[in-house]
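Step one of this worksheet: look at the structure below.
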2 protein chains.
Amino acid sequence: MSLRSALLTLLSAGPHTGYDLAKNFHSSVGFLWHAPDSQIYPELKKMQAEELIEGYPVPWGTKGATKTEYAITKVGLEYLNTWQGQPVTYRPERSEVRLRAAYFEFADDDDARHCLENHLRHYEQVVKDIHGQIDELREQSSDFHKQRLARYPEADHAKITRFKIFAYEGILKQAEAEIEWAQDGLAMLEQLKQGASLPDR
Amino acid sequence: MSLRSALLTLLSAGPHTGYDLAKNFHSSVGFLWHAPDSQIYPELKKMQAEELIEGYPVPWGTKGATKTEYAITKVGLEYLNTWQGQPVTYRPERSEVRLRAAYFEFADDDDARHCLENHLRHYEQVVKDIHGQIDELREQSSDFHKQRLARYPEADHAKITRFKIFAYEGILKQAEAEIEWAQDGLAMLEQLKQGASLPDR
DNA sequence: CCGCACATGTAAGATGTTACATGATTGA
DNA sequence: TCAATCATGTAACATCTTACATGTGCGG
């Protein structure tokens, strides 16, 4: 049900269309909880049926066209609070890259190396992306975030921003750990290629 | 298709029953790629149909009962090699705990703290479990691993063991990053409780 | 008037979770 | 003989992925 919570957290900043929300899943929240467009629209309908949000048509363009905007309800806000009180469910590990690394004896030398080089590149990109997100928060250049802060007294702004940065810092730490791991692995492969009979550690 | 690969890596150590394999998903490989029993048996059937493995009955107990043992085929071994050559698909982030942390403003003080304390405990347990796994490999106390090594010349043993330890070290680094993050978070919450108007960082 | 952003989905299939179900064997 | 382990699943559901599908509005 995290998709639901993610949508509600976005809507707690103010009313938005499904499209607005979907866009955010390509950046901001998307770095914490990803969801494709195809999941978002149906979920919004379900949430509306359960009165966590309400949808209403707003004019779009010059002709009589409309789009649907959704706003969080009181029930929705309560949902968020309840959600925060429930224990997190830790899903068991499922790491393709780790599984591969454990069985590199089935990989050609180049494949193993490419795997780790790619891993490195991937997480270097993550680091960049997350730094970008953190900068956006610090510089208040995110419309969503500005909108959110506007709903709270000034005294709370630092705290609310801090939470988001804290979450991103978690991803950052993860990514940095992955980068270190990949580098260690590349060193290990290099050592093995020298034919050295290396110790376990 | 990682479930498939995980099963094949296990069977590459020698023939086993579905039960043997399922047990291993509760420990060893289970720390890299988890799968519940209910996924394993059907997948084995599919893999047999595709001739990646072969199943044959072996006697079980004193009466005429039998169990099915599966052995990896040449096709299965090729599959593992091909798998290692393919690019890893990086699934987009989906972290419930991170999503929560980002929106701690909806949590009661205690709920936020409990969330992070629980996070800390969870990953401390992971660290213990993984150390246990690494010790098992170092001390050669894992039957599966002994069986695996027996299929390779002595000269390769260190390397094969090294890969597995390397994979576990990755999980270890992740877990340690999570522990740091949770500790930072608890400190942050403590600071906020003091009512200090803290800086972003 | 053309292309990109805006807007809203459906549908099929793969994968994963949870709960249930059943019987044989072995060791205490 | 009783409980734990061995052995093998099914069924229902939730979730996620991938691909497809369609039309409007707006700026250059």
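Keep in mind that what you see is a predicted model, and the values were worked out from it rather than measured. Below, chain A is the first sequence line, B the second, and so on; all start at residue 1.
The CG atom of B:Leu7 sits 13 Å away from the P atom of C:dT15 (whole-angstrom rounding). Distance B:Trp60 CH2 to C:dT25 P: 6 Å, rounded to the nearest Å. One interatomic measurement links the two molecules: CG of A:Asp20 to P of C:dC6, which rounds to 8 Å at whole-angstrom precision. Atom CG of A:Asn24 and atom C1' of C:dA5 are 15 Å apart (whole Å).
Within residues 25-42 of chain A, the residues having any heavy atom closer than 4.0 Å to DNA chain C are, in order of number, A:Ser38, A:Tyr41. Taking every heavy atom of residues 79-88 of chain B and every atom of DNA chain C, no pair lies under 4.0 Å.
Classification of the B:Tyr90-A:Tyr123 ring pair by plane angle, with boundaries at 30° and 60°, yields perpendicular.
By the 6.0 Å and 45° rule, B:Arg100 stacks over the aromatic ring of A:Trp83. Under a cutoff of 6.0 Å and an axis angle of 45°, A:Lys164 and B:Phe104 do not form a cation-pi pair.
Contact annotation for B:Lys46: no contact, since no heavy-atom pair falls under 4.0 Å across all strands.
Across the interface with DNA chain C, nearest-nucleotide mapping of A:Tyr19 and A:Lys45 shows A:Tyr19 to be the residue nearer the 5′ end. Map B:Gly18 and A:Arg91 each onto its nearest nucleotide of DNA chain D; the residue landing nearer the 5' end is B:Gly18.
Summarising the local packing, CD of A:Glu50 is surrounded by more than 12 heavy atoms from other residues, nucleotides or ligands at distances under 6.0 Å. Heavy atoms from other residues, nucleotides or ligands lying under 6.0 Å from CD of B:Glu139 number more than 12.
Shown here are the side chain to side chain contact (heavy atoms under 4.5 Å, CB included) partners of B:Tyr19, two or more places apart in sequence or in another chain: B:Thr17, B:Lys23, B:Tyr41. With sequence neighbours excluded, the residues satisfying side chain to side chain contact (heavy atoms under 4.5 Å, CB included) with A:Pro36 are A:His34, A:Ser38, A:Gln39, B:Arg94.
The phosphate of C:dG16 (OP1 or OP2) has no side-chain N or O of B:Arg94 nearer than 4.0 angstrom.
Rounded to 10 degrees, the angle separating the terminal axes of the helix from C:dC1-D:dG28 to C:dA28-D:dT1 is 30°, with each axis obtained from five end pairs.
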Run the side-chain hydrogen bond (donor to acceptor under 3.5 Å, both in side chains) test on B:Asp143 and B:Gln147 for me, step by step, so that the C-alpha distance in whole Å, both residues' side-chain angles and the decisive distance to 0.1 Å come before the verdict.
CA-CA 6 Å; B:Asp143 288 340; B:Gln147 200 181 71; over 6 Å; no
Begin with the C-alpha distance, continue with both residues' side-chain angles, and end with the deciding distance and a verdict on ring-ring contact (aromatic ring centres under 6.0 Å, His included) for B:Phe166 and A:Trp181.
CA-CA 8 Å; B:Phe166 169 62; A:Trp181 181 70; 4.4 Å; yes
Before giving the answer on side chain to side chain contact (heavy atoms under 4.5 Å, CB included), spell out for A:Glu124 and A:Val127 the whole-Å C-alpha distance, their side-chain angles and the decisive distance to 0.1 Å.
CA-CA 5 Å; A:Glu124 279 169 353; A:Val127 167; 5.6 Å; no
Evaluate A:Leu44 against A:Ile40 for side chain to side chain contact (heavy atoms under 4.5 Å, CB included), listing each step before the verdict.
CA-CA 6 Å; A:Leu44 287 171; A:Ile40 292 170; 4.0 Å; yes
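Here the options are A:Leu10, A:Leu8, A:Leu52, the test is side chain to side chain contact (heavy atoms under 4.5 Å, CB included), and the partner is A:Ile72; only A:Leu8 passes.
The outermost nucleotides of DNA chain D lying under 4.0 Å from heavy atoms of chain B, listed 5' to 3', are D:dT5 to D:dT17.
Atom NE2 in A:His16 sits 7.0 Å away from atom CG in A:Leu21 (nearest 0.5 Å).
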